[in-house]
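Okay, structure first, notes after.
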Amino acid sequence: MAPLEARSALGHPAEALTDAREALSIAERLHHRGWTATAWRAIGLAHQCACDPEAALEAFRASLAHSANLDLFACWAAARAALACVALGRLAEAAPLVADALATGPALGRHEARGAAAALAVARADPSAPSLVSTAIESAESAGARHYLPALTALA
């Protein structure tokens, strides 16, 4: 997990947002697209941590806008935007984002993509939801990506 995301993961959204906005300022000043996409992701994570899915969605969409030809960042941004849409009950809007995340990302990004697919399936009461959740959990466990497990097991 990147240091920029750590404060959100630890449940400190105000500090996370401050750090992420500072990172965004630096990235924009340097005109560094990858760092800008990452900073927007961190802003989105801070908003998710603060239970503000609308602001998170805006940030993840900004990250996605800076992620052209950066497949990992695009995958993460699409997956997180989809999760924000699910939290907002905007399931039709989440569906193409999930599809993009699943199609775009490398193996590392697919953990979040599978999590978003599982969350969408659960929200839709899709019969495939238990299988999607199980697959996402097994994949995260086998890769040692344990930080995804609490959200995934909550879907089960």
Side-chain angles (χ1 to χ4, degrees), residues 1-124 132 136 139-140 143-152 154-155:
M1 180 177 314
L4 196 53
E5 299 173 11
R7 290 189 194 246
S8 290
L10 293 171
H12 303 288
E15 294 95 339
L17 194 54
T18 298
D19 291 349
R21 286 183 174 147
E22 182 179 343
L24 178 63
S25 174
I26 293 167
E28 288 178 334
R29 215 172 32 248
L30 295 173
H31 304 286
H32 195 291
R33 199 167 43 91
W35 288 355
T36 301
T38 300
W40 276 115
R41 171 184 163 79
I43 289 169
L45 292 170
H47 286 303
Q48 276 185 324
C49 180
C51 299
D52 187 351
E54 191 67 52
L57 178 58
E58 288 179 33
F60 294 132
R61 287 201 181 280
S63 179
L64 193 54
H66 288 87
S67 296
N69 299 316
L70 300 172
D71 290 349
L72 176 60
F73 298 150
C75 176
W76 279 341
R80 288 292 177 158
L83 288 169
C85 287
V86 169
L88 292 164
R90 292 157 48 177
L91 306 185
E93 191 175 340
L97 291 165
V98 167
D100 288 348
L102 289 168
T104 302
L108 178 60
R110 285 196 209 111
H111 292 297
E112 288 192 14
R114 281 189 289 273
L120 178 58
V122 168
R124 287 180 162 170
L132 290 172
S139 176
R146 304 186 66 72
H147 62 284
Y148 293 112
L149 295 176
L152 293 170
L155 294 172

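The first residue of the sequence shown is numbered 1, and numbering continues consecutively from there.
Residues passing the salt bridge (charged side-chain N to carboxylate O under 4.0 Å, His left out) test with D100, sequence neighbours excluded: none. In terms of the side-chain contact (heavy atoms from CB on, under 4.5 Å) criterion, residue partners of A94 (sequence neighbours excluded) are, by chain and number, A82, C85, V86, L120. Scanning for side-chain contact (heavy atoms from CB on, under 4.5 Å) contacts around L155 gives A118, A119, V122, V133, L152, with sequence neighbours left out. Partners of A20 by side-chain contact (heavy atoms from CB on, under 4.5 Å), not counting sequence neighbours, listed by chain and number: A42, I43. Residues forming a side-chain contact (heavy atoms from CB on, under 4.5 Å) with A151 (at least two apart in sequence, or on another chain): none. Contacts of R7 classified as salt bridge (charged side-chain N to carboxylate O under 4.0 Å, His left out), with partners at least two apart in sequence or in another chain: D19. With sequence neighbours excluded, no residue forms a ring pair (Phe, Tyr, Trp, His ring centres under 6.0 Å) with H12.
Screening residues 81-117 for ring-ring contact (aromatic ring centres under 6.0 Å, His included) gives H111-Y148 as the qualifying pairs, with residues at least two apart or on separate chains. Residue pairs satisfying the salt bridge (Lys or Arg N to Asp or Glu O under 4.0 Å) criterion with at least one member in residues 41-52, sequence neighbours excluded, are listed as follows: E5-R41, R41-E112. Applying the side chain to side chain donor-acceptor pair (under 3.5 Å) test to every pair with at least one member in residues 82-93, sequence neighbours left out, gives these pairs: E54-R90, R61-E93, R90-E93.
The line from OG1 of T36 to NE2 of H31 is 9.5 Å long, rounded to the nearest 0.5 Å.
Using a 4.5 Å heavy-atom threshold, the side chains of S139 and R110 count as separate.
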Return all side-chain donor-acceptor pairs below 3.5 angstrom for residues 62-72, not counting sequence neighbours, or 'none' if the list is empty.
from	atom 1	to	atom 2	distance (Å)
S63	OG	A37	O	2.8
H66	ND1	A62	O	2.9
S67	OG	S63	O	2.6

Sequence neighbours left out, cut at 3.5 Å: what donor-acceptor pairs do the side chains of residues 21-28 make with other protein atoms?
from	atom 1	to	atom 2	distance (Å)
S25	OG	R29	NH1	3.3

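Ring geometry, W35 versus H32: the interplanar angle falls under 30°, so the pair is classed parallel (tilted spans 30 to 60°).
Minimum interatomic distance between T104 and C75 (heavy atoms only, all atoms of both residues): CG2-N, 4.1 Å. In this structure, A81 and L57 approach most closely via the heavy-atom pair O-CD1, 3.6 Å. Shortest non-hydrogen contact noted between L83 and G115 is CD2-O, 4.2 Å.
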